[in-house]
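For reference, the structure is listed below as structure tokens.
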Amino acid sequence: QVQLVESGGGLVQPGGSLRLSCAASGTIYDINVMRWYRQAPGKERELVASISGDSTRYAESVKGRFTISRDNAKNTVYLQMDSLKPEDTAVYYCNAGIRERIITLEYRDIWGQGTLVTVSS
């Protein structure tokens with residue numbers, strides 16, 4: 001069984017930095033895209049950043065402040081968050097497309113449990 005586990009969330013002051021990690025574990029043959037989403041109270045879940053191969057994409061609200069990276073050997077994706085603002089406060093979710101075995105026909109869309117990031121003085 002494949003699962004994603006996020007870590008690194010917590011309380012940080014405005015202007016501070018935080019680094020999130022998401023590790024995939026279980027039976028894994030290949031992972032194509034890995035993404036970070038976030039959801040603030042009373043708001044819809046939104047895509048923050050994605051990485052596929054060497055290609056990265058960011059939401060306009062975090063561009064220039066957040067950096068997504070990936071360690072394929074460890075099946076882990078990271079989100080470096082700098083110059084944090086109160087409006088960045090949300091539960092951050094990891095998402096990935098995972099092919100479990102060589103005979104698997106499709107990639108499964110897997111979600112982590114989320115990690116809370118609170119930006120406050």
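Note that the structure is a prediction, hence the values are computed from the model and not measured.
Placement of Trp36 and Val33 in two distinct hydrophobic clusters is found when ILVMFWY residues are connected by side-chain heavy-atom separations under 4.5 Å, directly or transitively. Under the 4.5 Å side-chain heavy-atom criterion for ILVMFWY residues, no single connected hydrophobic cluster contains both Leu20 and Tyr93. Note on Val119: it clusters hydrophobically with Leu79, by side-chain heavy-atom contacts below 4.5 Å among ILVMFWY residues. Note: the hydrophobic cluster containing Met34 also contains Tyr58 (ILVMFWY, side chain heavy atoms under 4.5 Å, direct or indirect links).
Taking the six-membered ring for Trp and thresholds of 30 and 60 degrees, Tyr37 and Trp111 have ring planes inclined between 30 and 60 degrees apart.
Using a 4.5 Å cut-off on side-chain heavy atoms (C-beta onward), Asn75 and Ile31 make contact.
Taking all atoms of both residues into account, the shortest heavy-atom contact from Ser21 to Tyr78 is OG-CD2, 3.3 Å. Closest non-hydrogen pair, Ser52 versus Arg70, comes out as CA-NH1, 4.2 Å. Taking each heavy atom of Val12 and Ser17 in turn, the nearest pair found is CG2-O, 3.7 Å. Minimum heavy-atom separation, Leu47 to Ala59: O-CB, 3.5 Å. Contact detail for Glu6 and Gly114: the closest heavy-atom pair is OE1-N, 3.0 Å. The nearest pair of heavy atoms linking Leu18 to Gly8 is CG-O, 3.5 Å.
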Check: When you look at Tyr29 and Thr104, which way does the side chain to side chain contact (heavy atoms under 4.5 Å, CB included) test go after all the steps?
Finding: CA-CA 9 Å; Tyr29 176 74; Thr104 303; over 6 Å; no
Note to self: One pair to check against side chain to side chain contact (heavy atoms under 4.5 Å, CB included): Asp88 and Met81. What are the steps and the verdict?
What the structure shows: CA-CA 9 Å; Asp88 294 318; Met81 303 184 293; over 6 Å; no
Next item on the list: Verify side chain to side chain donor-acceptor pair (under 3.5 Å) between Ser55 and Arg57, making sure each step is shown before the conclusion.
Entry: CA-CA 7 Å; Ser55 179; Arg57 297 288 185 271; 3.1 Å; yes
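Remark: the Arg38 side chain and the Tyr92 side chain contain an N/O donor-acceptor pair separated by less than 3.5 Å.
Within the 3.5 Å criterion, the main-chain N or O of Asp30 finds no donor-acceptor partner in the side chain of Tyr107. Looking at Asn95, its side chain does come within 3.5 Å of a backbone N or O of Ile110 through a donor-acceptor pair. Checked by atom type and distance alone, the side chain of Gln80 never pairs as donor or acceptor with a backbone atom of Thr67 at under 3.5 Å.
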